[in-house]
Amino acid sequence: MIKVTLKDGSVKEFENSLSYAEIAKSISPRLLEKATCAKVNGEIRDLRDVCNGDINLEILTFDDKEGKKAFWHTASHVMAQAILKFIPDAKLTIGPAVDNGFYYDIDTDVNIDDEMIAKIEAEFKSLVKNGSEIKRYTLSREEALAKFPKNEYKQELINELPEGEEISFYEQEGFVDLCAGPHLMSISPIGAFKVMSVAGAYWRGNSDNKMLKRVYGVAFPKNKQLEEYLYILEEAKKRDHRKLGKELRFFEMVDEGPGFPFFLPNGMIVYNALLDYWREIHKREGYVEISTPIILNRQLWETSGHWDHYKDNMYFTKIDGGDYAVKPMNCPGGMLVYKMEPHSYRDLPMRIAEIGLVHRHELSGALNGLMRVRCFHQDDAHIFMTKEQIRDEIKGVVRLFDEVYGMFGLTYHAELSTRPEDSMGSDEDWEIATNGLRGALEEIGLPYIVNEGDGAFYGPKIDFHLNDALGRTWQCGTIQLDMQMPERFQLEYVGSDGEKHRPVMIHRVAYGSIERFIGILIEHFAGAFPTWLAPVQVVVIPVAEAHKNYANEVLKKLEAVGIRAKVDDRNEKMGYRIRENQLQKVPYMLIVGDKEASDNAVSVRARKENLDGVMPVDEFVNYVVEEIKERRL
């Protein structure tokens with residue numbers, strides 16, 4: 001008897017061995033129709049694989065991350081088949097699924113232009129309409145090589161596989177490709193497909209190899225999903241923080257410092273408003289703020305473990321003949337601050353926060369506006385505590401994060417990342433740390449997924465993935481539980497028993513990289529920041545020269561209560577000035593003419609049309625002051 005434990009904890013029993021597809025069908029024929037692959041005891045398997053013993057089973061669909069990859073990997077084969085119809089002598093190489101679709105690298109001299117792309121898309125649609133079943137089979141090395149007598153790329157891949165291993169192939173409608181899988185049972189579930197772009201790519205990413213054509217595609221079960229995806233892509237282009245950041249004069253990237261952003265006055269206003277909020281809530285939560293040096297000596301980084309585990313991402317220098325490093329993280333400095341004076345259990349938990357400037361060596365090809373830079377500020381905090389305080393402190397941090405992200409209208413999901421292969425510390429320490437994080441999440445009732453093996457080298461972590469206005473996901477906040485660094489730095493506190501004990505430490509960031517968080521907010525709000533964050537909150541526009549004096553009187557009232565305002569009295573038509581300030585995403589424009597001046601009023605044009613119309617100056621001022629004070633969205 002075979003026992004299959006499903007995701008909901010229920011158990012199904014089967015007398016004989018059967019495939020995961022057959023198990024899915026026994027649960028629900030509808031589930032089999034949606035199924036893309038199976039997760040068996042935590043491993044991704046093909047639906048055709050056979051179950052021979054007791055297992056934990058989850059049937060994945062397009063809605064699951066790994067299920068989506070199986071769907072897209074199948075679609076890459078169909079795209080390759082469609083390409084071969086029009087370029088029959090093209091040599092296929094590899095066609096993996098990636099985070100936002102899939103690609104296939106092809107060796108061909110044929111130009112894949114818009115006309116060719118249209119043909120490929122039409123052929124893809126025709127193939128799916130036929131709904132061919134996908135078959136899988138295995139061959140020996142010799143048989144596999146014989147399948148590709150004129151394709152040196154496939155031959156290279158086959159020859160690299162372990163000796164004696166059977167090599168798997170997938171076939172649909174006569175099209176055969178070397179592949180480890182998993183794949184759909186048939187191609188009929190692929191309801192929509194589009195070629196997204198064609199680019200050059202060296203074979204295996206090596207510039208010494210031949211340049212191939214990389215055809216990118218994306219596919220979905222339904223055409224509506226493709227339309228929504230394309231809409232989001234188009235909207236994302238409009239919201240691109242690099243474009244808006246330049247237009248709104250927030251920041252610039254210059255050739256003299258690739259990966260090192262220059263923040264301009266408007267950007268600094270947003271930056272400082274974020275820090276004002278950060279400091280306000282951290283003071284309330286009992287954190288004290290520190291600042292630690294940017295450059296510290298080699299011995300420190302050896303003690304912390306960064307010299308061995310993070311060296312490739314660090315910058316180095318020599319001072320007085322000794323080796324020093326520019327800090328990639330704030331943590332070791334926080335350790336030294338803790339060690340500067342003795343501590344008792346009565347001091348714990350001790351919450352230390354720092355807005356620290358860190359530098360990390362990123363490859364030039366990975367740089368991306370504010371999203372991936374080489375220097376940035378982290379809103380780090382380190383909490384030193386006893387083992388008994390772990391869960392309460394983690395719950396406090398989660399509640400703080402929930403408040404912060406809600407302030408910007410950002411929803412999130414949590415991931416628990418466990419011990420990586422390159423880690424330090426004992427099994428016992430890792431178990432205590434991981435159970436501490438897991439227990440806190442479960443006590444709070446916060447849903448989470450487990451990301452096996454993706455923890456930091458010194459401890460497990462909870463990552464917070466934010467969802468923006470377009471539904472895109474960004475990893476920002478993190479809570480890392482560390483029992484290793486207090487050990488390496490010999491941190492101590494005197495317990496109630498009068499003996500010395502080792503504290504446990506939490507590393508945590510809410511914004512993450514402040515630069516990156518600003519980039520996310522630019523795209524989330526499409527540059528139209530809520531009033532409390534906007535660089536210019538109000539602009540006063542006099543109708544004519546005669547109204548400039550009154551406009552400046554209004555400006556003085558606004559500035560007197562701390563509202564960031566200006567007068568736009570340029571020698572341009574009023575309509576032009578209004579449009580210009582609309583493009584700058586100013587929350588409020590106040591038009592003033594004869595009537596407004598005589599009535600001590602302003603004509604309000606609100607960006608979100610929540611306050612349009614003529615109103616007394618003092619009433620408008622009071623409204624905006626309250627809006628800023630409450631940090632309304």
Side-chain angles (χ1 to χ4, degrees), residues 1-78 95-97 128 130-147 157-158 160-190 221 418 449-453:
M1 187 68 69
I2 296 172
K3 291 184 179 180
V4 177
T5 304
L6 303 176
K7 186 181 179 182
D8 63 2
S10 62
V11 178
K12 291 182 73 73
E13 295 185 346
F14 303 92
E15 291 185 2
N16 302 307
S17 298
L18 70 173
S19 70
Y20 303 122
E22 290 171 317
I23 296 175
K25 186 176 181 180
S26 75
I27 298 169
S28 162
R30 176 63 178 151
L31 177 60
L32 177 59
E33 289 177 14
K34 297 174 65 178
T36 60
C37 61
K39 181 180 278 189
V40 183
N41 297 331
E43 294 184 2
I44 302 302
R45 303 289 294 273
D46 194 287
L47 292 167
R48 299 164 186 79
D49 289 347
V50 175
C51 174
N52 293 310
D54 296 350
I55 59 166
N56 291 306
L57 174 67
E58 184 179 350
I59 300 298
L60 303 184
T61 70
F62 187 81
D63 294 331
D64 301 295
K65 182 178 178 180
E66 294 296 339
K68 194 178 267 99
K69 284 194 171 183
F71 187 99
W72 281 341
H73 196 40
T74 303
S76 78
H77 280 216
V78 182
V128 169
N130 293 337
S132 173
E133 180 185 349
I134 301 173
K135 300 174 183 177
R136 187 187 66 174
Y137 54 86
T138 60
L139 298 174
S140 67
R141 181 188 300 273
E142 292 71 24
E143 291 170 324
L145 290 169
K147 281 279 186 184
L157 293 169
I158 291 167
E160 289 177 350
L161 295 172
E163 193 69 38
E165 179 179 301
E166 287 194 318
I167 300 164
S168 62
F169 290 80
Y170 284 83
E171 178 178 349
Q172 80 256 355
E173 286 196 354
F175 172 80
V176 180
D177 204 0
L178 168 74
C179 189
H183 280 277
L184 306 182
M185 300 299 288
S186 80
I187 64 176
S188 59
I190 308 174
T418 59
I449 61 175
V450 177
N451 195 357
E452 296 287 355

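Every value quoted in this text rests on a predicted model; they were computed, and no experiment measured them.
No side-chain donor-acceptor contact under 3.5 Å links S188 to the backbone of G131. Checked by atom type and distance alone, the side chain of N41 pairs as donor or acceptor with a backbone atom of N56 at under 3.5 Å. Between the side chain of D46 and the backbone N or O of R48, at least one donor-acceptor pair lies under 3.5 Å. With T36 contributing its side chain and L60 its backbone, the two residues share a donor-acceptor pair below 3.5 Å. The backbone N or O of I44 lies less than 3.5 Å from no partner atom in the side chain of K39, so there is not a single donor-acceptor pair. Here the side chain of D54 pairs a donor or acceptor atom with the backbone of K3 at under 3.5 angstrom.
At a threshold of 4.0 Å, the pair E22-K25 does not count as salt-bridged, since none of the basic side-chain nitrogens sits closer than that to a carboxylate oxygen.
Interatomic distance, L178 CG to H77 NE2, rounded to the nearest 0.5 Å: 8.0 Å. Here CD1 of I27 is found 12.5 Å from NZ of K7. Values are rounded to the nearest 0.5 Å.
F71 and F62 have perpendicular rings, their planes meeting at more than 60° on a 0 to 90° scale where under 30° would count as parallel.
Every residue was checked against the salt bridge (Lys or Arg N to Asp or Glu O under 4.0 Å) condition with K12, not counting sequence neighbours, and none meets it.
Closest heavy-atom contact between A144 and L139: N-CB, 4.1 Å. The minimum heavy-atom distance between I55 and Y20, with the atom names listed, is CD1-CE2, 3.7 Å.
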**OP:** Evaluate side chain to side chain contact (heavy atoms under 4.5 Å, CB included) for I158 paired with R141, printing each intermediate quantity in order.
**Re:** CA-CA 7 Å; I158 291 167; R141 181 188 300 273; 4.1 Å; yes
Original post:
Between S132 and N130, does a side chain to side chain donor-acceptor pair (under 3.5 Å) hold up when you go through it step by step?
Top reply: CA-CA 6 Å; S132 173; N130 293 337; over 6 Å; no
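In this structure, E160 places its CD atom where more than 12 heavy-atom neighbours from other residues, nucleotides or ligands lie under 6.0 Å away.
Side-chain polar atoms of E133 and S186 form no donor-acceptor pair below 3.5 angstrom.
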